[in-house]
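Working notes, beginning with the structure itself.
Each chain gets a letter, A, B and so on, in the order the sequences are listed, and its residues count up from 1. All of these numbers come straight from a predicted model, not from anything done at the bench.
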Amino acid sequence: MLHVVNKSPYERDSLDTCMGYYQEGDAVLLIEDGVYGALAGGKAVSKLAGKDVSVLGPDMAARGISEEKLADGVKVVDYAGFVDLTVAKDKVQSWL
Amino acid sequence: MSQVKKFMYVNRRPPYGTIYAWESLEVVLIGAAFEQDVSLAFVDDGVFQLIKGQDTSGIGMKNFSPTYAALGDYDVTKIYVEKESLDERGLSLDDLQHLTYEDEDEDWAEKDSIQLVSRAELATIFAGQDVLFNF
């Protein structure tokens, strides 16, 4: 399963709920306002520890978030990487 | 317009995901054009609006963040950023744009527009306003 989250974890509970359903072999992709969830030092980031988490690079750049600001272990993907993730996982769940 | 009121715009949404941040900026500039006493507060995800180095070329949206630097020219010189909101998000003032204005009462000396305030301090500032607009 690929979990896609597009809401800020500081405004909605999408990321929190999504992580409750995360199973071994799953991946999480943070897009749009969801990218704020991967900020190192942020209150929301603890949920992501030890999970397969990627962030959409163009959405990070738009929001002025550089790779150095991300928590350790979080990957950055481009739009092609987004496609690769959807192909690699058997299902996609978008948590609105 | 004869009576000047204290207008405060409270920004609680991040940029780009929704239209709130941009709409707020539009309304702030209108308020300033009518020569009201305008101030801005950035709390919760609103603090993300001021992050420096925004580059929207990859998402096909207009980068409106340079507009914040022009607020000083519209006599919008009071921009309050809540410390608790920055802390929760792992941010500090260094992550934000450095916004300034020229103080006409002090020979146009350049001064900082952004004031870092606590939630308690901001509550007092809210209480001193005539009108509050939330975005």
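Proximity to chain B is limited to the backbone of A:A40, based on heavy atoms less than 4.5 angstrom apart. Using a 4.5 Å cut-off between heavy atoms, A:E11 touches chain B through backbone and side chain atoms alike. Proximity to chain B is absent for every atom of A:K7, based on heavy atoms less than 4.5 angstrom apart. Only the side chain of B:D95 has a heavy atom closer than 4.5 Å to any heavy atom of chain A.
Residues B:I114 and B:Y101 do not share a hydrophobic cluster, clusters being chains of Ile/Leu/Val/Met/Phe/Trp/Tyr side chains in contact below 4.5 Å. At a threshold of 4.5 Å between side-chain heavy atoms, the hydrophobic network of Ile, Leu, Val, Met, Phe, Trp and Tyr places B:V131 and B:L25 in one connected group.
Few gaps surround CZ on B:F64; more than 12 heavy atoms of other groups in view lie less than 6.0 Å from it. Residue-environment remark: CD (B:E35) stays at or below the threshold of 12 foreign heavy atoms within 6.0 Å. Shown here is A:K89, whose NZ atom has more than 12 heavy atoms of other residues, nucleotides or ligands within 6.0 Å. Around atom OH of B:Y74, no more than 12 heavy atoms belonging to other residues, nucleotides or ligands sit under 6.0 Å away. Environment of NZ in A:K51: crowded, with over 12 heavy atoms of neighbouring residues, nucleotides or ligands closer than 6.0 Å. Counted within 6.0 Å of OH on A:Y21, heavy atoms from surrounding residues, nucleotides or ligands total 12 or fewer; the atom is thus considered open.
The two residues B:P14 and A:D33 make their nearest non-hydrogen contact at CG-OD2, 3.3 Å.
Taking the ring axis of A:Y10 as reference, the NZ or CZ atom of B:R89 stays within 45° of it and closer than 6.0 Å to the ring centre.
Using a 4.5 Å cut-off on side-chain heavy atoms (C-beta onward), A:R63 and B:Q54 make no contact. Under the 4.5 Å side-chain criterion, counting only non-hydrogen atoms from C-beta, B:R13 is not in contact with A:S8.
Remark: B:M61 CE to A:D59 CG distance equals 9.5 Å, nearest 0.5 Å.
Each of B:D55, B:I59, B:T56 was evaluated against A:P58; a single residue qualifies, B:I59, per the side-chain contact (heavy atoms from CB on, under 4.5 Å) test.
Between B:F48 and A:Y36, the two ring planes are parallel [angle under 30°; tilted spans 30° to 60°].
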